[in-house]
Structures are given as C-alpha cells and as structure tokens.
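To keep things clear, I will list the structure first and then write my remarks on it.
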Amino acid sequence: MLSGGAAANLPQEIAALGPWFHNLHLPDGTKTAPDHFLGDFPAFKWRELGPHLPQDLSGWRALDIGCNAGFYTFELARRGAHVTGIDVDPHYLAQARWAARQFGLEDQVEFQRMQVYDLARLEEKFDLILFMGVFYHLRYPMLGLDLVAQRVSRLLVFQTLTMPGDEVYTETYDRSINDREMMREPGWPKMAFLEHHFAGDPTNWWVPNHAGVEAMLRAAGLQITGYPGHEIYLCAPDPDRPSAVSTWNAAELRSATGRPWQPAGDHDL
Ligand SMILES: C[S@@+](CC[C@H](N)C(=O)[O-])C[C@H]1O[C@@H](n2cnc3c(N)ncnc32)[C@H](O)[C@@H]1O
C-alpha cells in the first residue's frame with residue numbers, strides 16, 4: 001500500500017508506480033522521471049504554454065484529456081481551477097491520484113478513467129480544456145476533436161504530433177473534381193496514416209500537417225487565437241462559424257456516438 005504520507009519512502013513509491021511519462025517535481029524536489037528521453041518533460045512545454053493562459057483560474061472548470069500523471073492538471077489547479085483529468089490508462093491514473101496527495105491538491109482535482117469519446121455522454125461544458133498529446137493516438141481523430149470542441153466554452157489548448165513544415169495552402173474552397181493535383185501541395189490540409197507501429201507505439205495512428213490541424217480546428221467550430229509553442233494551438237469557440245455538428249450535421253455525430261439521431265416519427269423512413 002502506498003502511503004503518500006510525510007514519512008513515505010518516495011523513491012520506492014515512485015519506482016512502484018513506474019514507468020513514468022511525466023517528470024513531476026514533487027514538493028521535496030524529488031522527480032518522478034529525471035532521466036526522461038525528452039528532457040524535463042513536460043515542464044519545458046509548460047514554460048511555453050503557461051504564460052498564455054490566465055494566471056488566475058479561480059472559478060474555472062477545466063478538463064485535462066489524456067492527463068497521464070497529471071502534470072498539467074496540477075498546474076491548472078495551482079492557478080485556482082477545479083480540474084478533471086481523464087485518461088484511458090489506469091497505470092497513469094494511479095500515478096496522478098498518488099501525486100495529487102503528494103501536492104495536497106486532492107480537493108481541487110479529480111481523475112476518471114474515460115475515453116475521449118465518452119465526452120459524448122457528458123452535458124457539462126468546461127471553461128478550459130487541454131487536449132494535448134492525444135489526437136494522434138485516436139483511431140477516430142475528427143470524432144474525438146468534434147466531441148472535445150462541443151464541450152469547451154472559453155479556451156482549448158490543442159497539441160499534436162505533426163508532419164514537418166508550416167506551409168498553408170489557402171485555395172481550398174469548393175474546388176472542382178478535376179482539381180485534385182493541388183492536394184499534393186505541401187500546404188494542402190492532410191494527415192499521414194500510420195498503419196504499423198510508429199516510434200514503437202501501435203496507438204499512434206495519424207500525423208496531420210500544420211495546415212491540416214488548422215483546418216480541422218476550424219471545422220470543429222474553433223478559431224485559433226495563438227501559437228504558444230511548437231505544435232501547440234490555442235483556440236476558442238468561433239461564434240461566427242459553428243461546427244457543422246452543432247448545425248446541419250448533428251445527426252452524424254449523434255449516430256457515430258451511439259445516440260438516437262432520427263427525429264421522432266422518422267424511424268420507418
Ligand atoms: C502522449 S501522452 C500525453 C499526456 C499529456 N496530455 C501530455 O501532453 O503530456 C497520451 C495520453 O493520452 C492517453 N490516451 C490515449 N488515448 C486516449 C483516449 N482515447 N482517451 C483518453 N486518453 C487517451 C494515454 O493513456 C496517455 O496518458
């Protein structure tokens with residue numbers, strides 16, 4: 001049984017909960033993954049992103065999707081937000097719950113084992129959603145993004161693995177069926193599909209290019225308001241361009257998420 005108390009043997013508890021993907025800096029200075037292959041991850045990402053988010057998040061409800069061991073969950077909680085962290089992997093959730101006790105943040109954070117697709121069954125909206133490092137792990141990425149975008153009321157932070165290059169080809173509006181050559185342009189929105197393992201991980205499925213990320217965020221009803229760092233996009237709901245899934249195409253999203261979609265009385269059509 002892991003105690004989490006003051007007299008706990010931290011190195012032993014950290015080892016028992018490993019392996020770690022988040023290098024958490026515990027209150028006494030102990031680190032959970034000091035030899036991380038990416039360096040001091042994700043602290044170096046937070047140094048880019050943190051200044052772009054409100055310093056005072058008191059009264060904000062935040063959702064950290066794919067929270068892992070909760071690094072970002074805890075940073076938002078320290079700014080006053082009440083944060084729900086969700087992840088599919090119980091191994092990481094155990095780390096996050098343990099770390100919440102180490103930081104004394106249990107009252108401000110909660111962790112739930114959920115798939116991003118389970119957001120289809122939530123009515124709640126969140127002021128701030130972090131959707132970082134998850135998109136490319138999804139077999140159904142646009143479905144995931146649509147569901148996430150429907151649950152955010154103020155700010156979304158989106159981060160994904162991307163293809164190299166930052167070209168954006170803008171002449172994409174309603175082209176003719178004979179205009180397909182231009183789709184080979186580097187800046188045409190696109191995603192590479194990973195049929196086999198990538199970086200040793202079978203859960204890596206899709207890698208979009210920068211133009212593709214921007215196009216999908218817009219198509220999900222979001223406007224891009226900032227670029228805090230490499231592959232990180234700050235977004236807000238775009239009242240002038242809501243997603244098709246909230247207007248003419250709501251039925252497809254409902255159907256894709258196992259919810260009744262036909263208007264009452266249409267069942268025999
Ligand atoms: C690359 S890590 C990113 C962790 C953290 N968000 C970050 O940016 O450092 C991906 C995390 O997403 C979780 N994950 C993968 N697929 C998921 C899904 N369908 N729904 C929720 N979490 C998922 C994994 O278990 C893992 O903790």
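Counting from 1, the numbers follow the sequence of the chain as shown. First listed ligand is number 1; within each ligand, the first listed atom is number 1.
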> Taking atom OH of Tyr117 as the centre, does the number of heavy atoms from other residues, nucleotides or ligands within less than 6.0 Å exceed 12?
Replying inline: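 Enclosed: over 12 neighbouring heavy atoms sit under 6.0 Å from OH of Tyr117.
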>> Within this structure, what is the CZ-OG1 distance for the pair Arg139 and Thr203, rounded to the nearest 0.5 Å?
In response: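 The distance works out to 12.0 Å.
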>> Can you tell me how the ring of Phe41 sits relative to the ring of His36, calling it parallel under 30°, perpendicular over 60° and tilted otherwise?
In response: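 Rings of Phe41 and His36: tilted, as their planes differ by 30° to 60°.
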>> According to ring pair (Phe, Tyr, Trp, His ring centres under 6.0 Å), who are the partners of Tyr72, at least two apart in sequence or on a separate chain?
In response: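 Partners of Tyr72 by the ring pair (Phe, Tyr, Trp, His ring centres under 6.0 Å) criterion come out as none, since no residue qualifies.
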> Could you go step by step and tell me if His210 and Tyr233 meet the side chain to side chain donor-acceptor pair (under 3.5 Å) rule?
Replying inline: CA-CA 10 Å; His210 167 67; Tyr233 300 78; 2.7 Å; yes
>> I'd like the residue list for ligand 1, meaning every protein residue with a non-hydrogen atom under 4.0 Å from the ligand.
In response: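 If the criterion is a heavy atom under 4.0 Å, then ligand 1 touches Phe21, His22, Phe41, Gly66, Asn68, Tyr72, Asp87, Val88, Asp89, Tyr92, Met114, Gln115, Val116, Met132, Gly133, Val134, Tyr136, His137, Leu138.
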>> When you measure from the side chain of Asp64 to the backbone of Gly85, do you find a donor-acceptor pair of N or O atoms at a distance under 3.5 Å?
In response: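 Flag not set: sc Asp64 to bb Gly85 has no pair under 3.5 Å.
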